[in-house]
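Working notes, structure below.
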Amino acid sequence: MAILSARRRSAAISVAAVAGLAAAGVGFAVGGASAGTVSGSLYRDPSSAVVRWVAANPGDSRAAVIRDKIASQPQARWYANFNPSTIQSEVSAFIGAANSAQQIPVLSVYEITNRDCGGASAGGAPDLNQYQTWVSNFARGLGNQTVLIILETDSLALQTCLSTSELNARNQALSTATQTIKSANPNAKVYLDGGHSTWNSANDTANRLRAAGVQYADGFFTNVSNFNPTSSEANFGRAVISALNGMGISGKRQVIDTSRNGGAAGDWCADDNTDRRIGQYPTTNTGDANIDAYLWVKPPGEADGCRYTAGSFQPDLAFSLANGAPNPPTTAPPTTNPPTTAPPTTAPPTTAPPTTAPPTTPPPAGNGCSAAVAINQWNGGFTASVNVTAGSAAINGWTVTVALPGGAAITGTWNAQASGSSGTVRFTNVGYNGQVGAGQTTNFGFQGTGTGQGATATCAA
């Protein structure tokens with residue numbers, strides 16, 4: 001798998017965007033059921049840093065909160081190491097796993113030369129020619145299904161270290177990278193750096209996006225690793241879109257990082273703050289035609305480089321973000337229900353994407369419920385994600401019986417209570433996911449040793 005390397009949002013902050021928004025006369029309006037151009041469930045990385053930490057620390061007093069509110073959610077996989085010889089295979093394995101789950105992966109590319117202007121997340125390709133080689137190899141691993149690409153955080157909003165010639169070269173590199181990715185996978189959605197609502201003005205941001213080839217991209221992202229409220233980011237996005245329209249560039253949309261914007265704003269660095277909270281859970285069902293998705297691009301709990309090493313997972317930061325935040329939604333339409341597959345005790349190999357079993361029982365024709373189990377198998381162990389779907393009437397409490405293959409043993413469960421660990425195991429709902437609306441779905445999961453393939457599930461309500 002790709003190593004998640006140092007990545008931080010620059011601490012450079014200005015208030016120029018406020019004047020830009022006021023001049024544009026933009027206000028935030030909540031839409032109905034409409035959304036942007038992306039539809040489907042987002043993919044949860046089963047080997048992310050937070051998943052591995054939860055698996056390795058089941059007795060930690062913070063583990064349950066971190067597991068239920070952070071590790072259960074889809075987050076971006078960052079590609080931040082200069083590894084041109086292996087990047088194609090790494091991306092292909094990740095994409096293959098997401099495609100097998102019929103979910104949309106989010107990939108954050110963080111490899112531009114002179115990234116972060118030499119700050120806490122310094123690094124990237126040695127030069128822009130080698131950057132293009134890396135991007136070409138990256139693009140060859142993307143397959144042909146929908147993927148979301150967050151292309152080079154800070155690359156446009158933070159330019160203070162670049163000369164005019166260096167800036168022109170970077171803009172050309174980003175434009176070429178966008179076209180390379182889109183050519184390799186026409187279903188890839190590529191978003192360029194839009195900074196955030198309290199950094200550069202909307203007009204300045206639009207000019208930077210145009211110079212970097214946003215006309216070839218699907219839009220722009222904002223608020224990565226920052227804390228501005230979603231409403232402020234949406235207002236800012238509307239102003240940027242309006243400015244782009246005025247330049248003859250239409251049809252561009254926004255994605256917003258909501259991983260840490262559910263609490264107070266203020267000083268930038270999360271490492272030294274305890275008043276932050278996770279924001280809206282990741283989804284493509286935004287209810288806003290200008291916004292394709294709310295994403296967790298910056299993985300909650302990974303440091304900014306102030307008190308801890310940038311990019312390192314810190315459980316105290318994760319717990320601070322999750323503690324007191326609402327539980328994730330447990331009933332949602334199938335296209336937007338976030339996956340809650342449990343962490344494996346060891347990360348599954350990246351060379352073999354997990355397999356997903358088809359539903360074992362059809363939905364009930366009347367009252368009651370059905371259960372469908374999907375297995376992610378690797379050598380020596382597995383995780384299972386179980387969807388519980390209500391019939392034509394709402395249910396208040398459910399019991400799922402899972403028949404495990406011989407030799408399989410359960411080692412952990414989440415979003416349910418288990419009775420037994422091998423053979424036939426009964427799972428009952430916990431307090432917050434027992435009520436399921438008619439035709440709606442909730443989810444629980446478990447991890448185990450041995451082989452989970454062939455497990456079957458039945459439901460009673």
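For the atom pair F227 CZ and T258 OG1, the distance stands at 13.0 Å (nearest 0.5 Å). Note that the CD atom of Q88 and the OG atom of S136 stand 10.5 Å from one another [nearest 0.5 Å].
Q314 and S312 share a side-chain donor-acceptor pair at under 3.5 Å. Side chains of N203 and S201: no donor on one and acceptor on the other come within 3.5 Å. Residues T389 and T441 have side chains that bring a donor and an acceptor to within less than 3.5 angstrom of each other.
Within the 4.5 Å cutoff, side-chain heavy atoms of V147 are placed close to those of I95. Counting only heavy atoms from C-beta outward, the side chains of V106 and L42 approach each other to under 4.5 Å. A 4.5 Å side-chain heavy-atom check between K298 and D304 finds at least one atom pair inside the cut-off. A heavy-atom distance below 4.5 Å is not found between the side chains of N81 and T86. Within the 4.5 Å cutoff, side-chain heavy atoms of F138 are placed close to those of I181. Using a 4.5 Å heavy-atom cutoff, the side chains of I112 and D154 are not in contact. Counting heavy atoms from C-beta on, the side chains of R277 and L321 never come closer than 4.5 Å. Side-chain atoms of Y79 and W134, non-hydrogen and from C-beta on, do get closer than 4.5 Å to each other.
Two rings, from F82 and Y131, have their centers 6.0 Å or more apart.
Under a 4.0 Å N-O distance rule, the pair D45/R52 does not qualify as a salt bridge. Under the 4.0 Å criterion applied to side-chain N and carboxylate O atoms, D316 and R62 are not assigned as salt-bridge partners. One finds a salt bridge joining D288 and R238 here, because a Lys/Arg side-chain nitrogen approaches an Asp/Glu carboxylate oxygen to under 4.0 Å. Looking at D193 and R208, no side-chain N of the basic residue comes within less than 4.0 Å of a carboxylate O on the acidic one, giving no salt bridge.
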| task | Apply the test ring-ring contact (aromatic ring centres under 6.0 Å, His included) to residues Y294 and Y281: give CA-CA distance (whole Å), side-chain angles for both, the deciding distance (0.1 Å), then the verdict. | result | CA-CA 7 Å; Y294 300 131; Y281 286 101; over 10 Å; no
